[in-house]
Chemist: 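This is the structure, below, for whatever I ask next.
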Amino acid sequence: MMKEEMEQLVKDYHWMINSVKVIREGMNEVGEGMTARYGVEAAMPKGTGRPADPIYREFNRRERRLKKVYEYERKIQLVQERITFITEDRELEVLHWLLEGKSLRWIGRHMQISDRQIGRIKDAVIYKMSQMPHVPQMS
């Protein structure tokens, strides 16, 4: 994986986690408020599944959204699997805060290190995470 791709995944990790959580919670509410249950509206004709049908359109919207969740989960898993490549304490601390969505400046203040030094540590972390795991050669 390219370093730029891994850096973007680390940068996006926090909001992807939050989006997956919120979208999954929203998926539990499928259909709520979409159909009438009583009164005059209950006796009205229901949609038939044609493209003009609001229920059908809502289903399609949610289905596209769910596909996006699967894409986010795949990216999240990729980052999580590569966390094991980071073994040094400082690097792990910087990575933790990056995954929490904190800025380099915030991390630097928290760790009492310059944000330029934090940037160098971040670069080392990204480099390690973007490397392919070592696969032993068969002899």
Side-chain angles (χ1 to χ4, degrees):
M1 166 169 278
M2 300 288 292
K3 287 192 312 186
E4 295 82 15
E5 293 171 314
M6 181 53 67
E7 187 168 5
Q8 192 63 49
L9 288 177
V10 168
K11 185 178 180 181
D12 294 345
Y13 183 90
H14 183 71
W15 70 258
M16 285 192 293
I17 286 282
N18 288 334
S19 289
V20 167
K21 179 184 170 195
V22 169
I23 293 167
R24 286 218 174 268
E25 288 170 358
M27 290 297 169
N28 293 332
E29 301 165 2
V30 171
E32 289 182 20
M34 293 293 293
T35 57
R37 297 189 183 174
Y38 1 16
V40 175
E41 290 179 55
M44 299 298 288
K46 307 295 183 278
T48 60
R50 291 176 298 201
D53 179 5
I55 304 297
Y56 179 75
R57 287 194 311 259
E58 178 63 10
F59 171 79
N60 282 335
R61 184 189 69 81
R62 288 177 183 254
E63 186 175 30
R64 285 190 306 273
R65 197 70 176 136
L66 191 57
K67 286 179 184 176
K68 197 50 103 167
V69 166
Y70 294 146
E71 180 184 330
Y72 293 162
E73 287 175 337
R74 182 184 57 77
K75 291 176 178 181
I76 290 166
Q77 184 177 10
L78 189 71
V79 170
Q80 290 172 341
E81 289 169 351
R82 291 167 182 256
I83 290 173
T84 59
F85 295 1
I86 311 304
T87 56
E88 294 181 27
D89 290 341
R90 273 188 175 190
E91 291 177 349
L92 278 169
E93 188 69 12
V94 169
L95 178 59
H96 166 73
W97 291 117
L98 288 170
L99 296 178
E100 290 294 321
K102 301 299 183 187
S103 69
L104 296 182
R105 181 173 286 170
W106 186 96
I107 298 168
R109 285 186 188 142
H110 171 72
M111 294 178 69
Q112 297 180 345
I113 303 173
S114 76
D115 50 330
R116 291 183 70 177
Q117 179 64 24
I118 296 297
R120 287 191 285 274
I121 294 170
K122 178 203 67 147
D123 290 343
V125 167
I126 297 301
Y127 176 79
K128 288 179 181 180
M129 290 179 75
S130 63
Q131 299 302 302
M132 293 300 293
H134 177 69
V135 179
Q137 296 287 329
M138 298 291 289
S139 43

Chemist: Rounded to the nearest 0.5 Å, what separates atom CG in Asp53 from atom CZ in Arg57?
Modeler: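 Between Asp53 CG and Arg57 CZ, I get 7.5 Å after rounding to 0.5 Å.
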
Chemist: From Arg82 CZ over to Leu95 CG, what is the distance, rounded to the nearest 0.5 angstrom?
Modeler: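 One gets 13.0 Å once the value is rounded to the nearest 0.5 Å.
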
Chemist: With Arg90, which residues qualify under side chain to side chain donor-acceptor pair (under 3.5 Å), at least two apart?
Modeler: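 Listed in chain order: nothing, the list is empty.
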
Chemist: Please tell me whether Leu92 and Val10 are part of a single hydrophobic cluster in this structure, the criterion being side-chain heavy atoms less than 4.5 Å apart.
Modeler: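 Yes; tracing contacts between hydrophobic side chains, which count when under 4.5 Å, links both residues.
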
Chemist: Quick one: which residue pairs count as a salt bridge (Lys or Arg N to Asp or Glu O under 4.0 Å) with a foot in residues 108-129, not counting sequence neighbours?
Modeler: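 Counting only pairs at least two positions apart or across chains, the salt bridge (Lys or Arg N to Asp or Glu O under 4.0 Å) contacts touching residues 108-129 are Glu7-Lys122, Glu88-Lys128, Glu91-Lys128.
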
Chemist: Restricting to pairs with a member in residues 92-106, which pass salt bridge (Lys or Arg N to Asp or Glu O under 4.0 Å), not counting sequence neighbours?
Modeler: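 For residues 92-106, and leaving out neighbouring residues, there are no salt bridge (Lys or Arg N to Asp or Glu O under 4.0 Å) pairs at all.
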
Chemist: Can you tell me how far apart CD (Gln117) and CD1 (Ile113) are? Round to the nearest 0.5 Å.
Modeler: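 Rounded to the nearest 0.5 Å, the CD-CD1 separation comes to 6.5 Å.
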
Chemist: Nearest 0.5 Å, please: how far is CG in Leu98 from NZ in Lys11?
Modeler: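 That separation rounds to 11.0 Å.
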
Chemist: Taking only residues two or more places apart in sequence, or in another chain, which ones meet Lys68 in a side-chain contact (heavy atoms from CB on, under 4.5 Å)?
Modeler: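 Listed in chain order: Arg65, Glu71, Tyr72.
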
Chemist: With the side chain counted from C-beta on, respond yes when Ile83 and Leu99 share a heavy-atom pair under 4.5 Å apart, and no when they do not.
Modeler: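 Side chain of Ile83 against side chain of Leu99, heavy atoms only: contact under 4.5 Å found.
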
Chemist: Kindly work out whether a path of hydrophobic side-chain contacts (I/L/V/M/F/W/Y, heavy atoms less than 4.5 Å apart) joins Ile121 to Tyr127.
Modeler: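 No, Ile121 and Tyr127 fall in different hydrophobic clusters.
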
Chemist: Honestly curious: do Val69 and Phe59 fall in one hydrophobic cluster under the side-chain, below-4.5 Å linking rule?
Modeler: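 Cluster IDs for Val69 and Phe59 differ.
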
Chemist: Is there a path of hydrophobic side-chain contacts, each under 4.5 Å between heavy atoms, that joins Ile23 and Leu66?
Modeler: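 They do share one cluster, since a chain of ILVMFWY contacts under 4.5 Å joins Ile23 to Leu66.
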
Chemist: Please identify each residue that fulfils side chain to side chain donor-acceptor pair (under 3.5 Å) with Glu63, with sequence neighbours left out.
Modeler: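 So Glu63 forms no side chain to side chain donor-acceptor pair (under 3.5 Å) with any residue.
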
Chemist: Of all residues at least two apart in sequence or in a different chain, which pass the side-chain contact (heavy atoms from CB on, under 4.5 Å) check with Asp12?
Modeler: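 Counting only residues at least two positions away or on another chain, Asp12 forms a side-chain contact (heavy atoms from CB on, under 4.5 Å) with Gln8, Trp15, Met16.
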
Chemist: Apply side chain to side chain donor-acceptor pair (under 3.5 Å) to Tyr13 and list each qualifying residue two or more places apart in sequence or on a separate chain.
Modeler: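 Tyr13 satisfies side chain to side chain donor-acceptor pair (under 3.5 Å) with Gln80 only.
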
Chemist: Sequence neighbours excluded, which residues qualify as side chain to side chain donor-acceptor pair (under 3.5 Å) partners of Arg64?
Modeler: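 Testing Arg64 for side chain to side chain donor-acceptor pair (under 3.5 Å), a comparison that skips the adjacent residues, returns none.
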
Chemist: Going by atom types alone, do Gln77 and Glu73 pair a side-chain donor with an acceptor below 3.5 Å?
Modeler: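 Gln77 vs Glu73: no donor-acceptor pair found between side chains.
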
Chemist: Name all residues meeting the salt bridge (charged side-chain N to carboxylate O under 4.0 Å, His left out) criterion together with Arg74; count only those two or more places apart in sequence or in a different chain, and write none if there are none.
Modeler: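 If we apply the salt bridge (charged side-chain N to carboxylate O under 4.0 Å, His left out) test to Arg74, skipping adjacent residues, there are no hits.
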
Chemist: Does the side-chain contact (heavy atoms from CB on, under 4.5 Å) test come out yes or no for Val125 and Met129, once each step is laid out?
Modeler: CA-CA 6 Å; Val125 167; Met129 290 179 75; 3.8 Å; yes

Chemist: Between Met6 and Ser130, what is the shortest heavy-atom contact and its length?
Modeler: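 Shortest heavy-atom contact: CB-CB, 4.0 Å.
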
Chemist: Just by modelled atom types, is the Glu81 backbone N or O under 3.5 Å from a matching donor or acceptor in the Thr84 side chain?
Modeler: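 Side chain of Thr84 to backbone of Glu81, a donor-acceptor pair under 3.5 Å: yes, one is there.
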
Chemist: Which pairs count as ring-ring contact (aromatic ring centres under 6.0 Å, His included) when at least one residue sits in residues 93-116, sequence neighbours excluded?
Modeler: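 Matches after skipping sequence neighbours: Trp97-Trp106, Trp97-His110, Trp106-His110.
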
Chemist: Do Ile76 and Tyr70 land in one hydrophobic cluster if side-chain heavy atoms of ILVMFWY residues count as linked below 4.5 Å?
Modeler: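 Same cluster.
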
